[in-house]
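What follows is a set of notes on a single structure, which appears directly below.
Letters go in sequence order (proteins before strands), and every chain restarts at 1. Worth saying up front: this structure is predicted, and the values here are computed from it rather than measured.
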Amino acid sequence: MSTISAKALRRSMQNFLPSLAPVRFVAEDGTPEKPPPGYRAPDDALLREAYRRMVLGRRFDTQASALTKQGRLAVYPSSRGQEACQIAAALVLREDDWLFPTYRDSVALVARGVDPVEVLTLLRGDWHCGYDPMAIRVAPQCTPLATQVVHAVGMAEAMRRKGEEGVAMALIGDGGTSEGDFHEALNFAAVFASPVVFFVQNNKYAISVPLARQSAAPTLAYKGVGYGVRSEQVDGNDPVAVLSVLTVAVEHARAGRGPFLVEAHTYRMDAHTNADDATRYRDAAEVERWRAADPLDRLETYLRARAVLTDDDIEADRSDAESLAADLRARMNIAHEGDPLELFDHVFAEPTPQLREQRALLAAEFTAQED
Amino acid sequence: MSTISAKALRRSMQNFLPSLAPVRFVAEDGTPEKPPPGYRAPDDALLREAYRRMVLGRRFDTQASALTKQGRLAVYPSSRGQEACQIAAALVLREDDWLFPTYRDSVALVARGVDPVEVLTLLRGDWHCGYDPMAIRVAPQCTPLATQVVHAVGMAEAMRRKGEEGVAMALIGDGGTSEGDFHEALNFAAVFASPVVFFVQNNKYAISVPLARQSAAPTLAYKGVGYGVRSEQVDGNDPVAVLSVLTVAVEHARAGRGPFLVEAHTYRMDAHTNADDATRYRDAAEVERWRAADPLDRLETYLRARAVLTDDDIEADRSDAESLAADLRARMNIAHEGDPLELFDHVFAEPTPQLREQRALLAAEFTAQED
Amino acid sequence: MATVTMAQALNTALRDALTADERVLVFGEDVGPLGGVFRITDGLTRDFGEQRCFDTPLAEAGIVGLAVGMAMGGFRPVVEMQFDAFAYPAFEQIASHVAKSRNRTRGRVSLPMVIRIPYAGGIGGVEHHCDSSEAYYAHTPGLKVVTPATVEDAYWLLRDAIDDPDPVVFLEPKKLYWSKQDTDFATRHAPPFGRAIVRREGSDATLVTYGPSVPVALEAAEVAARDGRGLEVVDLRTLVPFDDETVAASVRRTGRCVVIQEAQGFAGVGAEIAARVQERCFHSLAAPVLRVAGFDIPYPPPKLEHAHLPGVDRVLDAVDRLQFDDVPDVRHLIVGAA
Amino acid sequence: MATVTMAQALNTALRDALTADERVLVFGEDVGPLGGVFRITDGLTRDFGEQRCFDTPLAEAGIVGLAVGMAMGGFRPVVEMQFDAFAYPAFEQIASHVAKSRNRTRGRVSLPMVIRIPYAGGIGGVEHHCDSSEAYYAHTPGLKVVTPATVEDAYWLLRDAIDDPDPVVFLEPKKLYWSKQDTDFATRHAPPFGRAIVRREGSDATLVTYGPSVPVALEAAEVAARDGRGLEVVDLRTLVPFDDETVAASVRRTGRCVVIQEAQGFAGVGAEIAARVQERCFHSLAAPVLRVAGFDIPYPPPKLEHAHLPGVDRVLDAVDRLQFDDVPDVRHLIVGAA
Ligand SMILES: Cc1ncc(C[n+]2csc(CCOP(=O)(O)OP(=O)(O)O)c2C)c(N)n1
Ligand SMILES: Cc1ncc(C[n+]2csc(CCOP(=O)(O)OP(=O)(O)O)c2C)c(N)n1
Ligand SMILES: [Mg+2]
Ligand SMILES: [Mg+2]
């Protein structure tokens, strides 16, 4: 009856299934590998730029971690080790595309062009996200897991329905894929054929919980199949591969061919946040093994071998990175409290009478204290 | 790195993927078909029993629908056309297994042995499910979509952890698979290797919304793949096939090999409930087409051809069905109001002081009215 | 002027909003060809097309989350939750995003959207179909919460809600869907969004209520009037923002107050009203503010609704008790939510 | 006797419950090897094994739903929601199943389970990590709602909650995790579950509060005492069941009452308390019951917590205002939740 035919089913399955091995262009030692068909290497200029952003990104990340020790940030979730993913996510998007990041994606935001201080606004203890999401087309970094993924579908639908060409990219972690909202987002996007890319950074841990306790799927990329969403897996520490696969994904979505799910196999080198103690749940040896897969080293070797990157380039990038860090330190060292009375200003467009009363009350308290 | 090998991936995929066409033993015209390997036909005695239960089940269903017209039921969601699924779900379970049904699965409950009047207790306007779920191992029929599926996983885990051999079967509709709880249930079950069977009755509609608006997956059976859950699709109007596949699924779960997802392709012949008007969203022609796939007719032809079913048998089943209906009418015609004061009794094990006060207040009102 | 039901008024409001503002979109479960289980969206897909009114898969968190993204993208989504209890799966999206977006972006990402929820009881519904969930939303800062009690208010408050720059939880009293009024929507008589209204004047006591309980209060006032007692009835219309002025002015005048709500009493909106009234009008009060509310039990089944719902008798009973001393006697306590 | 933190007391309570009753199970996110983000489950997996304390995938509805099934299957699950706002995805499971199962099975399927939630603020947490969500649960019939304020109560109330035949939402005030008390758990001094306790006696006014605000109330009472004013402090301990007797007895004695809560004021538990107190003690009251609550705003960021949280000054201020007339003057209104 209305059941799909076996032939059609086999064909449609082939459309959804990811590669059997993660897509890879560059081996861990930096030597080239043959990628599967359908993927092109990004051009050298883009790779050069990616390298630069990765160097800046990593410096930003270590600086932010350092700032937590000085109490300048309330908390910081580092993405060290995930730079290939972070940078690629930003670089494959156009200005009119949208990014829906999580708390761990600060480096992607910096790469997208958000002022680093604004990126850290929430984490330094303000109640708002710092930047103007509408202006730069980056949603506020999202903490409630997987909730942002549905927003990305909504934004993709908004763009599609307005006849715009934009694509929305939703970032999510391996753990986040367990949440119901992830499922609802994939299903909606598939049914509406929304121009959205779901980019899973599988960094192997959700705080302390390892992937094996999070999912029994062969790989997370297989999560697309049950929705009819085209899926792919990629070596998340190979910047060339991540750029290549995400480019295909974004083009697929932009061409109106529906959503695309990408799983990047990567690793969270640091603890979950500065407040976490990763030795309680994982071996130092495991972390060491992943050090050999460092995405910066890998790209450096690869680009040097192709003579796209010189010692001078590297020197220049490092120096830019130091400037970024110095600037960040300087600007973050200015203590910032915020005006308590502003707390009432953005609850509604117009404060309710009750909020006006409460504001007046707080103002009166301050006046009394000053007296 | 910790990524699964391509070979292992291919192998593991084969474990999860459903058949390319729905498993079928009997064609629509009642003639036998060759099923895919791995599935055995149930023995004749079971098929004979299944036929009997289907006849009883259908009569129960039409009687319940009729009772709504007389105002004896608040609402009734009919499962006419889905008898193969309803009966098989009950018959493949042992006494110590658990069933987690939805509002549409009254016929499965009757087949499981729940007193028909108790099955209809909630629907006739009582606030409780009528039967004792613990005694008969059937959870209260569940209305909030997909929520029961997680409970089934919990029960399966409870049995597994107590070293019992029971299996939990969760029933769910095609629409319900879109809810986040469905996803969380499948994922939990896969990670814990829980002895649970997820049985999706894909009756093509969620109230008015057709399957195509619910999912873009090639078939709903593919939803298991992304969790590493073994999956199968079956012709849901072929009682022989449904019994066969569900038997495999239950055995798989009971053997400790983890959860199993079965999608049955079937059809909701009636409107969503008596209160719904299905002509607003579907053609009479479509319904007519499905009439040809009637599961009772199909099993009857099949069993007659095999000489397992005689005219006398059919006569006897019909007469039993009429008795069931008459008994139901008689017992449902006794008006039943319930004692309002009992409303306070089961909120907590011991009513709080506040509930005691409220109970006293209501009792006082009644006394005042009597005066 | 024509006789219009509340259901029709809501349908007309959606039509007029879809016509007036092309950013308005309607979506949810069964809102397309079926027209919604209560037919509030009847004909919208036919008349405005699939693009403006469409069905989604079944997933309430998904529906609200989708609306968040679409509102960020410039649309004004009006989503329907099929029933009160079926909005609970969306609670995280509502509490952590819908309510907070403006604030956590310092005003840059506002989310003008309306979440329509048929709510409360009185229609013989089975479990999960009769919850009065207003307190969950009213307690969440950043949400406006509205519930109309008349056909005209249904139309105008829904129009206001759709035009509002903030997210609005729009609670439609199911049992009033078929209530009727002679009206047209050419000229507005309804007071502004955010203002309560005195539906009936009286000088002996004030009944403060909203949504499904407004007709109950009016009927109680009618009965009381026959006994020579003048009850003033205040219909809140919007629970957030709350109109302290109208409520307090009335209670200061009458000196007595009974709050009526269908929802279970404990920590409900009625508790807030009682607390506010005594805070503001303590020295004008001749008696404690009493509440008539649903009991603190899960919503009862159809045949026992009558025992649970705050009805005219219970309201009049509470009024009768508005001037006692405070001996701890059970007759003394709030009716229904003691 | 040893010096014990509240975090240790909770850990000990879980250990003792796991030892005493083999049906008790602990699960949630990161509760295994990590010991929970607040280390409340520290060492449980090591000492009781994977079978008794284990990590789940990230899915709060899944965790609560799993607990429902396991409770039906004879276990007594104690689940942890990682933070207050991260329990919202489980809201449907909690409101539609956990709270209602006993009722909708006429007592046959009870769900003895505990949902532990670190809640409220005062620890400099970022957004979604500081919500005071007690009203959502307290308003839902069928849930017991508990929040300890002392180390001893943390231990005994958690033991009580685990032994309770009904589902209990157990709210742990984050900022008190590191509070200390000299105690051992060999003999019980804590009053029974369901009873409030007078933590300090006084005759001029009653402060009614719970959880994280109890120490604030006690400090305020200490300061007031220096000024010769005797404030009685009532710690509710369980919000549901609510101990009317203790509260009303105290207010009848003192004639004045201030209610303190961290949560945003509108339709919160404080509203319920204020409403109940004036219902029961109206003629004993010399002044309106005032509330000191959080503002009706999303929880503010770390550096501005101080402006939001009901502190000693605001409590004393409210006490100072306990005897005025009812001119509509802003100083008159409840502090923080006007
Ligand atoms: C709904 C919800 N539940 C729990 C949390 C607490 N939490 C914050 S991060 C995290 C782990 C997420 O892991 P993953 O998705 O793999 O992302 P990663 O942190 O590794 O980037 C958890 C449990 C949350 N933020 N939201
Ligand atoms: C969480 C939730 N949302 C909405 C509903 C209202 N509702 C009841 S049945 C139904 C359709 C379900 O369709 P499906 O899962 O296919 O099951 P069927 O009715 O076809 O058996 C809907 C939307 C509900 N019960 N629960
Ligand atoms: Mg991770
Ligand atoms: Mg269906």
Side-chain angles (χ1 to χ4, degrees), chain B residues 98 100 121-122 126-135 139-140 142-162 164 166 168 170 179-181 183-192 194 196 342-343 345-355 357, chain D residues 22-23 25 27 51-52 54-75 77 89-90 92-93 95-97 99-113 141-144 164-168 194-195 238 240-245 276:
Chain B
W98 266 88
F100 286 78
T121 302
L122 195 62
D126 231 320
W127 79 93
H128 58 83
C129 69
Y131 50 92
D132 179 352
M134 307 312 277
C142 183
T143 299
L145 297 170
T147 52
Q148 78 282 5
V149 183
V150 208
H151 306 164
V153 178
M155 178 58 80
E157 276 303 293
M159 293 188 288
R160 188 175 70 80
R161 283 158 192 267
K162 287 186 293 183
E164 296 171 4
E179 295 277 0
D181 282 27
H183 168 84
E184 301 189 4
L186 260 80
N187 194 44
F188 274 44
V191 167
F192 298 138
S194 314
V196 57
E342 202 191 326
L343 288 174
D345 292 355
H346 308 294
V347 182
F348 297 107
E350 279 292 319
T352 60
Q354 288 73 37
L355 285 171
E357 279 172 9
Chain D
E22 59 174 19
R23 296 170 305 172
L25 286 181
F27 56 91
Q51 286 301 310
R52 309 290 307 281
F54 58 93
D55 286 329
T56 65
L58 284 175
E60 292 76 10
I63 293 168
V64 174
L66 189 81
V68 168
M70 293 188 84
M72 289 175 73
F75 285 97
E92 181 185 32
Q93 287 287 352
S96 291
H97 288 294
K100 291 180 178 158
S101 176
R102 178 187 293 280
N103 193 60
R104 61 200 290 270
T105 62
R106 214 174 189 172
R108 281 142 179 168
V109 183
S110 58
L111 295 178
M113 62 159 81
L143 300 176
K144 291 183 176 165
D164 202 270
D166 287 304
V168 178
R195 298 305 309 224
T238 64
V240 180
F242 188 88
D243 183 356
D244 277 312
E245 213 178 296
R276 300 182 89 74

Toward chain B, the part of [X] with a non-hydrogen atom under 4.5 Å:
X: D:T56; answer: both
X: D:K144; answer: both
X: D:V64; answer: neither
X: D:Q51; answer: both
X: D:F242; answer: both
X: D:E245; answer: neither

* Kindly indicate whether a cation-pi arrangement holds for B:R161 with D:F27, taking the cut-offs as under 6.0 Å to the six-membered ring centre and within 45° of the axis. =>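 No.
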Below 4.5 Å, heavy atoms only, C-beta onward: do [X] and [Y] meet side chain to side chain?
X: D:R106; Y: B:D345; answer: no
X: B:C129; Y: D:R104; answer: no
X: D:R108; Y: B:Y131; answer: no
X: D:P57; Y: B:F192; answer: yes
X: D:I63; Y: B:F188; answer: yes

* Asked: Just checking, any donor-acceptor pair under 3.5 angstrom between side chains of D:Q93 and B:H151?
  ->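 Side-chain D/A pair, D:Q93 to B:H151: present.
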Distance-minimising heavy-atom pair for [X] and [Y]:
X: B:V347; Y: D:N103; answer: N-OD1, 4.1 Å
X: D:M72; Y: B:W98; answer: CE-CZ3, 3.8 Å
X: B:G154; Y: D:M70; answer: O-CG, 3.1 Å

Could you look at [X] and say if it's the side chain, the backbone, both or neither that has a heavy atom under 4.5 Å from chain D?
X: B:E342; result: side chain
X: B:V153; result: both
X: B:F100; result: side chain
X: B:D132; result: both
X: B:P144; result: both

* Asked: So, the side chain of D:D166 versus the backbone of B:A349: is there a donor-acceptor pair under 3.5 Å, distance only?
  ->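 Yes.
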* Donor-acceptor contact below 3.5 Å, side chain B:E157 vs main chain D:L66 ->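 Not confirmed, B:E157 side chain does not pair with D:L66 backbone.
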* **Atom pair OG1/CH2 of D:T105 and B:W127 - distance to nearest 0.5 Å** => 11.0 Å
* Structure fact -> Most contact-rich option vs chain B, by heavy-atom pairs under 4.5 angstrom, among D:P112, D:A59, D:P241, is D:A59
